[in-house]
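The structure under discussion appears below in the form of structure tokens.
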Amino acid sequence: MHRSQIVGGLMIVVGAVILALLASFVVDIIVLILQLLAVIIGIILVLGGIAMLLFGGWFWGRGSLKWGRDVTTTA
């Protein structure tokens, strides 16, 4: 066995170990980002629900949303 074959095999083993460690690191980062996204969405939903309970009739009721036909006009 030549020295280049031993060095080549060692490089393959070290590279595979580095890739395996990096892959678990990347997965941890992706999981962390998804957890942070879930927390941010949860906070927004909770704050939006509180706002709707407290200011629902005042803030969202200002619009003139009407369903169906308008019966106030005369033809």
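If you chain together ILVMFWY residues whose side-chain heavy atoms come under 4.5 Å of each other, Ile33 ends up grouped with Leu22, Phe25, Val26, Ile29, Ile30, Leu34.
Checked options Leu47, Ile40, Val46; the residue passing with Ile43 is Leu47 (criterion: side-chain contact (heavy atoms from CB on, under 4.5 Å)). Residue Met11 is tested with Val13, Val14, Val7 for a side-chain contact (heavy atoms from CB on, under 4.5 Å); the sole match is Val7.
Contact check for Ile41 versus Leu45: side-chain heavy atoms found under the 4.5 Å cut-off.
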